[in-house]
Amino acid sequence: MIINVLVGIGIAFFAFVLQTSVAGLNRKIVGRLQKRIGPRWYQEFIDIFKLLSKRSVSHGWIFDFGVIMALGGIIGTAMFMPITSNIVAFQDYDNFFIFVYLLAVGMLGMAMSASGSGNPWASIGVMRALTTMLAYEVPFLIVVLTIINLSGTSSMTGIQIFQQTAGNNWFILALPLGGIVGFIALMGMLGKKPFETYIAPAEIASGPMVEYGGKQLGMLFILHEISVWIEVTLFVHLFLGGATNIFEFLIKYFAVYTLANLISNVNGRFKIDQVVTFFYKWPLLMAVTQAVIAIYFGWVI
Amino acid sequence: MKNLFGLLLSLVLGAFIILALNNTAAFPAFGEVDLADRVSEQYFTDGNVAEVGSANIVTAIVVGYRGFDTLGEVTVLFISALGVAIIFGEKKQERLDLKFKPNFMLRVGSRVLFGMILITSIYIIFHGHLTPGGGFPGGAIIASAVLLLYLTDDRFRSNVKGFKILEGIAGSLFVVIGLLGLVLVTSFLQNFLPAGTVGDLLSAGIIPIIYVLIGLKVGSEISGIVDNFLTEEESA
Amino acid sequence: MSAILLVAIPLLVAFLSILVKKYAPYLLIIVGLFNLVMLFLLQDGGVIIGGFDQPLGINLLLNLYSRIALILINALIVVIACLNIKDYGKYGSILLLAMAGLNGLVLTVDLFNFFVFLEISGIAAYLITSSNKKPTNTFHYLALGAVGSSLFLFGVIILYAMYGTLNYGAMIEAIAANNNYAEVVLPFTLMFIGLGVEAKLLPFNSWVKGALGHSNTMSGPMIASVYAAALSFVLGRMIDNLFLFQGTLLTIVTVLLTVGILLGDFMAFSSTKTREILLFSSVAQASIVALLFVNGVVAWAVWLIIANALSKTVMFLVINKATKEVGCDETKSLQGLFTKNILVGLAFTLATLSVMGLPLLVGFMIKLNFLTALAGAGQIWLIVAILIASLVEGIYFVRLLVKLWYKGENEISVKYNLSFKVVFVVIALALLAFGSYTAPMNQIDNSVDAVTEVVNNG
Amino acid sequence: MIQYAAIILFVFGLYGLFTNRNVIKMIVSLNVMEVGLNIFIISIGFTYDGIAPILSSTTANGLLYVDPLPQALVLTAIVIGVGTTALGLAIAKSIHKTYNTFDLDEMGDKE
Amino acid sequence: MASIEYLILILVGASFLAYLFTKLNTYLGSVFTILATMFVFASLAGYGFGMGLDTTVNYLPWFTFNQTYLGFYFVIIIAFVYLMVSFFHPYYLGQYKYKDSYNMLFLLSLAGIIGAFYTDNFLQLFFFFELIIWTTMFLIPQGKSREAAVSYFGFSVAGSVAMLIGIFLIFSSTGQLDITSGLAAISGTNAIIVFILFLIAGFAKLGAFPLHIWLPIAHGNAPHPFSPVLSGALVKLGAFIGILALVRIVPTANLLVDSINLPLGQWLVAILGSISIVFGTLMAIKEDDAKKLLAYSSMSHGGYILVAFSLMNSVAFAGGFYHILAHAIASAAAFMAIAAVARATGTTKMKELGGMIHKMPITYLAYLVAIISMAGIPPMGGFISKWLIFMAVINKGMIFVAIAIFFGSVGSFLYVFRPLAALFLGQEFREYKHVKEAPIMMLIPTFILMGLNVYTGVFPSFILNFINNILGELGYAALNVTSSSIINVFDGQGILNPALISLVFAVGVFIAFIIFILLKKSRSVSLMDTYTAANFVHDEHLLHYSVDFYAPLERLYEKHTNWMTKFYESLAKKVKEIGNLGKYLFMSKNIGTTMLWIITIIILLLWGVAL
């Protein structure tokens with residue numbers, strides 16, 4: 001049992017390192033796009049460790065406890081996540097719904113501490129984050145419903161194995177509409193440009209993060225990096241057939257994150273109710289038609 | 001318009017009732033009534049007639065066989081008189097001025113007529129069990145006599161108190177006779193006096209007594225009602 | 001010592017009471033108690049009057065059914081008399097006559113005699129309603145009552161013409177022997193409508209709104225519980241034994257009664273005056289009782305009549321006393337009535353719950369059993385109608401209770417003297433006790449009101 | 001024939017009650033109805049060659065009598081009619097005292 | 001050897017004693033109520049689990065009791081909620097008008113509940129069902145509004161009337177009056193009608209979609225200590241009736257679409273359940289009064305229960321049963337926390353409250369634990385039941401129900417967070433400076449409920465084993481539950497080990513805590529000292545964001561939120577109109593109309609004979 005926990009912590013640390021470096025690389029790529037060199041690839045590490053070393057301000061015990069609970073929740077979720085179809089901390093216990101709900105614990109912790117800080121902008125930011133979550137969650141879960149229903153299992157490794165078996169191909173090909181909806185939902189989860197209203201710096205003083213500084217902000221950055229890793233790995237395992245070895249995983253991971261980042265950089269930003277109406281119009285429609293086609297008529301490419 | 005519709009509807013109702021009665025075989029057509037298949041045939045058997053002893057079979061039924069109905073009926077009149085009194089309230093009453101001043105001749109003449117009317121009513125009451133009539137018509141005639149006095153004399157006030165007492169006593173005597181029947185013989189209102197021979201004055205047991213009581217009661221009640229109608233509160 | 005005394009003694013005392021005006025109410029109470037004592041001593045059986053047996057003379061019948069009815073009527077009249085000695089003293093003799101009339105009505109087994117007693121109790125009822133000081137309503141009641149009893153007489157005469165007898169038992173045998181349904185429709189319709197007017201069945205009871213809408217502590221309980229109970233008993237006996245309900249007659253009567261139940265409750269739901277709510281609910285209850293008799297559920301109809309009579313007495317007494325002191329019976333003006341007098345409030349609530357048919361109260365046991373009996377007879381649609389009506393009834397009664405228990409804007413203080421409280425508590429406890437201990441309720445069965453020919457003299 | 005006339009009279013009484021709004025007229029139509037009914041009751045007992053049910057010493061037995069029972073009943077019915085009419089008129093008088101009109105419509109508004 | 005009949009008699013006796021004691025002194029009466037409920041709960045828990053209560057009857061001859069696992073499951077939950085709530089009585093009863101009748105009716109309704117669930121006879125079930133309705137109905141007007149009692153009573157009696165019609169339909173068609181054989185015996189169209197009638201009763205009591213108007217009115221305005229009972233315990237009665245219909249009646253309706261393999265009846269119930277989830281969530285997000293918000297949440301959780309019991313397989317049933325327990329505890333805890341705040345501040349409106357955490361931290365923790373369970377987040381019980389329901393729905397592949405369920409679970413996160421942020425967190429208002437934490441007696445139940453929430457979330461095996469007994473009794477395959485995890489029956493792959501999840505979560509928090517401790521200690525600063533972009537604010541009310549918390553979301557559906565209430569109001573108006581029509585037709589002052597009716601009826605009746 002102890003070994004599994006240690007492996008889990010290893011996975012969580014690996015997640016942090018991988019995502020921070022990939023984020024650094026992406027900053028370089030986006031720089032290149034805008035005809036500038038862009039910062040060093042390890043710039044993200046520097047920012048985080050600079051923040052962690054600073055002495056900051058605290059607005060009461062709930063302010064700190066919320067951050068700890070948030071980061072703890074995200075680390076716990078990451079420990080469950082399988083990297084490839086054979087590297088996983090807790091065999092058979094990596095059920096899909098654990099990730100959806102443990103992410104919610106992270107969200108709850110951050111929301112609590114933000115509201116506890118006493119700054120109205122933080123509460124408004126939290127409200128926006130929750131509304132966006134309500135928006136992208138439902139279409140995403142419908143597509144996942146189709147995947148679980150087809151693959152017959154709700155554990156992540158099971159779904160990977162199902163896609164890797166000879167007969168059927170990746171879900172992004174098998175369920176094209178589902179893949180598109182999954183990617184749009186991923187953009188929402190990551191808070192990339194079109195759906196960035198709740199954490200965008202230009203919006204009301206970067207929403208929930210307004211009162212943080214120093215180690216709290218650093219910890220929130222770590223939280224952000226690990227949650228991005230979880231969401232992207234989820235997308236990889238669900239739609240791109242997971243990975244048999246670590247290198248395949250890294251390539252797929254890098255491809256998905258860079259694509260999402262590139263799309264994000266060319267987009268504007270939705271207002272909050274536009275986000276909700278957008279998600280409940282096209283993505284939900286596509287997800288439902290995909291589900292109806294896949295489950296009722298059984299046409300899976 | 002509404003009246004026309006009402007008339008039409010009532011005519012339809014009447015027609016329906018008539019047709020319904022025609023269609024039912026058991027309902028005897030007018031006139032072809034056969035006493036045999038009715039209970040009233042037994043009223044004529046000699047045994048029963050002798051037992052009740054009243055020549056006038058209707059009176060035999062009214063007071064003899066179905067005396068309880070008559071008791072009920074007398075109560076109806078009693079309660080109407082009582083009701084009329086209550087509705088007009090208990091305060092002292094005085095004559096309603098009818099703006100009609102009778103002259104002397106009328107006032108005296110009516111006194112004479114009053115006596116004659118009384119005699120006829122007494123006759124009718126006492127011969128109840130022999131000839132048609134009896135307590136009720138007799139009482140009504142007494143009341144009409146009192147009404148005559150009221151109409152002809154605008155200051156005349158009958159002795160209301162007296163009528164009330166007479167009414168009360170007559171009614172209770174009627175019930176007492178009934179109870180005597182229960183005590184002396186077997187059942188309420190049963191004839192405990194000898195029936196006598198059919199046809200002569202002192203026959204048919206308690207029937208004439210009851211009829212006299214009824215006559216007195218009806219007479220006093222109706223005149224009480226007449227008094228109530230022709231008076232109004234004391235405007236003092 | 002025969003059942004005739006139950007009618008004769010009140011009549012005798014009534015005739016004497018006009019001589020001694022002041023003591024009429026006390027005489028009434030004495031006679032009432034005497035009747036109650038008599039009722040426990042008399043044994044069952046027929047009574048001959050005038051010395052002649054059944055076909056010629058009139059006879060009365062005292063069986064368990066009429067004994068229950070008489071005990072209920074006399075007891076309630078005594079209770080109402082005791083409570084109204086002070087302000088309605090002068091109606092003592094009227095109540096005596098009403099008692100005589102109702103006793104006669106229940107006892108007699110002769111149709112014409114039944115008509116006479118119907119008339120006596122009717123006129124007594126008109127005079128009782130005249131105590132409300134609303135002559136137009138009394139006139140309305142008188143006119144309808146007269147029409148009703150004339151129709152009834154018409155029906156009786158047609159029956160006499162057909163079968164030659166006026167006695168109940170003989171008539172039933174003659175009809176059974178003849179067994180021709182078509183010819184019996186006309187008399188039974190007329191008699192049913194005649195009785196329907198008095199028993200407050202729906203299309204014929206427009207007088208109820210006037211009579212009970214402005215009732216007082218004497219006329220309210222008298223009309224709503226004593227007269228209603230007596231007429232229901234009598235109507236029930238006639239429906240069960242005499243009336244031959246088949247074919248179109250049965251369907252139309254059932255439709256009339258069901259519409260009566262539903263509309264009664266809807267009308268109560270839509271009215272805001274408290275007395276109107278109570279009177280419409282008693283219209284609905286009367287139709288339910290009639291419906292039960294038509295479907296042969298006699299035992300539980302009897303208990304329903306008793307329970308309704310008791311609860312309506314309490315409710316009308318409470319509301320009429322409050323209206324007299326407050327002046328207006330709108331639910332808004334009576335708000336917060338029970339905040340001061342908790343005991344009266346408790347009794348009123350228990351009575352209302354029993355009428356609604358909620359557990360722990362006798363009303364529930366009765367409702368459940370008669371519905372089961374109806375289900376046994378396969379009358380699902382009647383059950384649906386009754387239950388929907390009881391749902392609407394539940395809502396408007398709760399709306400009333402909630403208003404009465406909690407203070408409104410203006411403060412009202414109504415004082416109930418001790419005798420009122422004693423009566424309320426006794427009735428409320430009876431409703432509660434029989435709600436759980438229902439053993440005695442199962443003694444009587446559906447044949448309780450059969451008119452038997454047993455005759456013994458005296 | 002008289003029986004049909006009686007029924008029609010009864011129905012006219014009902015019609016009177018049904019359309020009139022004047023209290024006195026209603027009492028009158030009530031009486032018309034009761035008279036119609038009483039005549040009907042009498043007509044029930046009538047036989048064509050029947051004589052009045054009075055036994056007199058001169059008449060031999062074996063004669064055909066009219067049915068005495070309806071006549072007894074009608075006696076009671078008439079008296080009851082009188083009772084109700086008396087009460088009705090009393091109430092009419094008290095109505096007149098309070099609303100000083102006999103027409104039910106006019107007094108409708110003075111609740 | 002406790003017997004059910006003794007329990008009921010003791011409770012009835014205790015209720016009268018409570019009436020007398022409360023007349024003497026409120027505190028004494030309430031403590032007596034607590035002892036009475038505790039005694040009943042203890043004897044129930046002691047003997048009940050092993051079905052040990054004897055069912056002999058000697059004082060109430062016509063009652064027959066029998067024990068079922070299903071009945072006991074409900075009784076123990078409801079009795080537990082009653083016990084927890086009774087701790088609140090000493091502090092709240094002071095300000096109510098009819099204190100003594102409060103305690104009496106409280107115990108009487110508990111007696112009704114015990115009777116209702118321990119019977120196999122329909123009429124007896126109806127007897128206790130109605131007893132509960134009217135005893136609780138009299139408690140509601142003691143709170144803020146009077147009309148609440150009327151609408152509560154109206155809908156509950158509508159439900160019980162439907163049930164009674166169903167019972168009599170069964171009785172007239174099969175002659176059976178006991179539940180198990182009665183429900184099994186009916187078939188054909190009767191079965192469908194009874195199914196619908198029982199569901200109307202279930203929906204009315206659960207406050208599910210078509211019959212939900214009374215829920216926010218009754219729960220929102222009920223007296224503070226009574227709302228937890230209303231939403232935690234009494235709503236479960238509807239679930240019980242719903243189970244009778246959905247599980248016991250053999251479905252005869254044809255299958256809708258073969259791929260969903262659900263009978264039409266069950267499918268419609270699932271759709272209605274999902275509509276009430278969505279409707280409840282949307283209305284809860286918009287609600288400003290905390291208690292009304294929680295009422296809408298009970299409505300949407302009622303929808304979950306209905307969906308769970310309409311999927312006809314053991315995993316869904318297990319999820320449904322577990323959800324009944326989890327929701328009962330969570331909503332009772334949440335309502336009690338709000339009640340504690342309401343006692344201290346006097347209002348439950350979120351506009352007027354803020355920053356309660358600083359003065360009432362324990363109540364805050366209780367509320368936090370409760371809403372984590374309500375939102376279905378892992379360490380708490382709500383997650384397991386929601387997980388089971390999700391797995392069942394996904395396996396059945398019902399898409400539209402799935403939309404509603406996912407929307408409901410995410411939406412529940414939104415509306416439970418709203419009171420947390422607006423009520424507890426945010427700025428601390430000046431006027432609530434004097435507010436103290438709830439007294440010890442009130443904190444005992446909150447601690448117990450917190451512990452129970454966590455226990456049901458982390459070690460579900462004991463409860464799931466008991467639920468397996470129920471499933472066995474209902475004739476469904478048991479769920480294979482090992483000591484630590486639930487093996488999902490569908491594919492053997494979906495395994496859930498709640499203990500492991502909590503452990504991993506704890507490890508994560510521990511790591512985060514170490515990171516936090518190692519770094520420099522941050523300077524603590526007052527709540528007013530926040531980044532306000534240079535405009536200086538003195539009044540903390542301005543810095544507290546709580547009004548229209550989800551403004552952008554509310555704007556989307558603001559206009560058409562009360563069409564259901566309008567429907568019921570028009571229904572009531574229709575009945576009034578029919579009443580007035582009846583008065584005009586039959587009760588008019590002139591005698592002509594009645595005469596008209598008499599004449600027409602005679603003509604009608606003579607139609608056959610005369611012509």
Side-chain angles (χ1 to χ4, degrees), chain C residues 136 140 143-144 147 151 182-183 185-186 189-190 193 197 202-210 247-249 252 256 263-264 266-271 339 349 353 356 358-360 364 368 371-372 374-376 378 380 383-384 387-388 390-392 394-395 398-399 402-403 405-406 436 438-439, chain E residues 60-62 97-98 108 112 123 126-131 133-134 137-138 141 146-147 149-150 153-154 157-158 161-162 164-165 167-169 171-172 175 177 572 575-583 585-591 593-595 597-598 600-602 604-610:
Chain C
T136 37
H140 189 122
L144 270 185
V147 166
L151 287 177
E183 67 190 22
V185 166
L186 175 61
T189 329
L190 294 173
I193 293 173
V197 170
L202 188 68
F204 323 113
N205 58 2
S206 59
W207 58 272
V208 173
K209 179 162 183 280
T248 52
L249 188 62
I252 288 175
L256 269 182
L263 259 186
F266 285 170
M267 284 193 262
F269 183 80
S270 71
S271 46
T339 43
T349 317
L353 292 182
M356 276 148 61
L358 288 176
L360 288 187
F364 178 80
L368 208 60
L371 284 177
T372 333
L374 277 178
I380 290 301
I383 294 176
V384 169
L387 283 178
I388 291 171
S390 80
L391 165 65
V392 171
I395 294 175
V398 162
R399 198 171 47 188
V402 160
K403 276 213 170 58
W405 274 103
Y406 289 91
S436 30
T438 56
Chain E
L60 311 166
W62 58 96
K97 176 138 187 40
Y98 300 107
L108 258 180
L123 294 185
F126 180 72
F127 174 82
F128 286 109
F129 197 78
E130 289 268 312
L131 175 64
I133 288 175
W134 77 265
M137 182 266 295
F138 276 120
R146 310 290 171 261
E147 287 66 33
V150 175
F153 185 80
V157 168
V161 155
L164 191 57
I165 295 172
I167 292 170
F168 282 125
L169 202 62
F171 176 66
S172 71
L177 257 184
V575 168
K576 265 199 198 13
E577 270 153 30
I578 297 172
N580 289 334
L581 177 69
K583 275 190 207 165
L585 274 182
F586 296 110
M587 290 292 170
S588 73
K589 284 188 82 59
N590 80 52
I591 296 171
T593 39
T594 330
M595 295 305 302
W597 279 112
I598 291 178
T600 32
I601 286 171
I602 296 177
L604 213 65
L605 282 169
L606 292 186
W607 193 270
V609 174

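Order of the sequence lines sets the chain letters (A, B, ...), proteins ahead of strands, with each chain counted from 1.
Of the N and O atoms on the side chains of C/S206 and E/W597, not one donor lies less than 3.5 Å from an acceptor on the other residue.
Note on C/R399, C/H140, C/K209: by heavy-atom pairs under 4.5 Å with chain E, the leading option is C/H140. Ranking C/P359, C/S390, C/S270 against chain E, the residue ahead of the rest is C/P359, based on heavy-atom pairs under 4.5 Å. Ranked by heavy-atom pairs under 4.5 Å with chain C, the first of E/L131, E/L164, E/L605 is E/L605. Looking only at heavy-atom pairs under 4.5 Å with chain E, the residue among C/G247, C/S271, C/G210 that has the most is C/S271. Looking only at heavy-atom pairs under 4.5 Å with chain C, the residue among E/M137, E/M587, E/K97, E/E577 that has the most is E/M587. The most heavy-atom pairs under 4.5 Å with chain E, out of C/L190, C/T248, C/L249, come from C/L249. Listed options C/V392, C/I380, C/T136 were ranked by heavy-atom pairs under 4.5 angstrom with chain E; first place goes to C/I380. By number of non-hydrogen pairs under 4.5 angstrom with chain C, the leading residue of E/F171, E/Y98, E/F126 is E/Y98. Contact count against chain E (heavy-atom pairs under 4.5 Å) is highest for C/T372 among C/T372, C/T349, C/L353, C/L263. Counting heavy-atom pairs under 4.5 Å between each of E/P141, E/S172, E/A158 and chain C puts E/P141 at the top.
Only the side chain of E/F153 comes within less than 4.5 Å of a heavy atom in chain C; its backbone stays farther off. Neither the backbone nor the side chain of C/W207 has a heavy atom closer than 4.5 Å to any heavy atom of chain E. Heavy atoms closer than 4.5 Å to chain C are found nowhere in E/L581, neither backbone nor side chain. Of the atoms belonging to C/I193, it is side-chain heavy atoms, and not backbone ones, that fall under 4.5 Å from chain E. Of the two parts of E/K583, the backbone and the side chain both hold a non-hydrogen atom closer than 4.5 Å to a non-hydrogen atom of chain C. At a 4.5 Å heavy-atom cutoff, the contact between C/L256 and chain E is made by side-chain atoms alone. Using a 4.5 Å cut-off between heavy atoms, C/F204 touches chain E through backbone and side chain atoms alike. In this structure, the portion of C/I252 lying under 4.5 Å from any heavy atom of chain E is its side chain and not its backbone. Only the side chain of C/V147 comes within contact range of chain E, judged by heavy atoms closer than 4.5 Å. Using a 4.5 Å cut-off between heavy atoms, E/S588 contacts chain C through its backbone alone, with no side-chain atom that close.
Smallest separation of non-hydrogen atoms from E/T594 and C/P203: CG2-O, 3.3 Å. Scanning both residues, E/G112 and E/F128, for their nearest heavy atoms gives O-CB, 3.3 Å.
Looking at heavy atoms from C-beta onward, E/L177 lies in side-chain contact with E/I167 at the 4.5 angstrom threshold.
Atom CG in E/N580 sits 11.0 Å away from atom CG in E/L585 (nearest 0.5 Å). Expressed to the nearest 0.5 Å, how far CE of C/M267 lies from CZ of E/F586 amounts to 7.0 Å. The CZ atom of E/F127 sits 10.5 Å away from the CG atom of C/L358 when rounded to the nearest 0.5 Å.
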*Could you go step by step and tell me if C/L387 and C/L371 meet the side-chain contact (heavy atoms from CB on, under 4.5 Å) rule?*
CA-CA 9 Å; C/L387 283 178; C/L371 284 177; 3.7 Å; yes
*Decide side-chain contact (heavy atoms from CB on, under 4.5 Å) for C/V197 and C/L151; before the verdict, give the C-alpha distance in whole Å, the side-chain angles of both, and the deciding distance to 0.1 Å.*
CA-CA 10 Å; C/V197 170; C/L151 287 177; 5.9 Å; no
*Checking side-chain contact (heavy atoms from CB on, under 4.5 Å) for the pair E/V157/E/I133: CA distance, chi angles, key distance, verdict?*
CA-CA 8 Å; E/V157 168; E/I133 288 175; 4.2 Å; yes
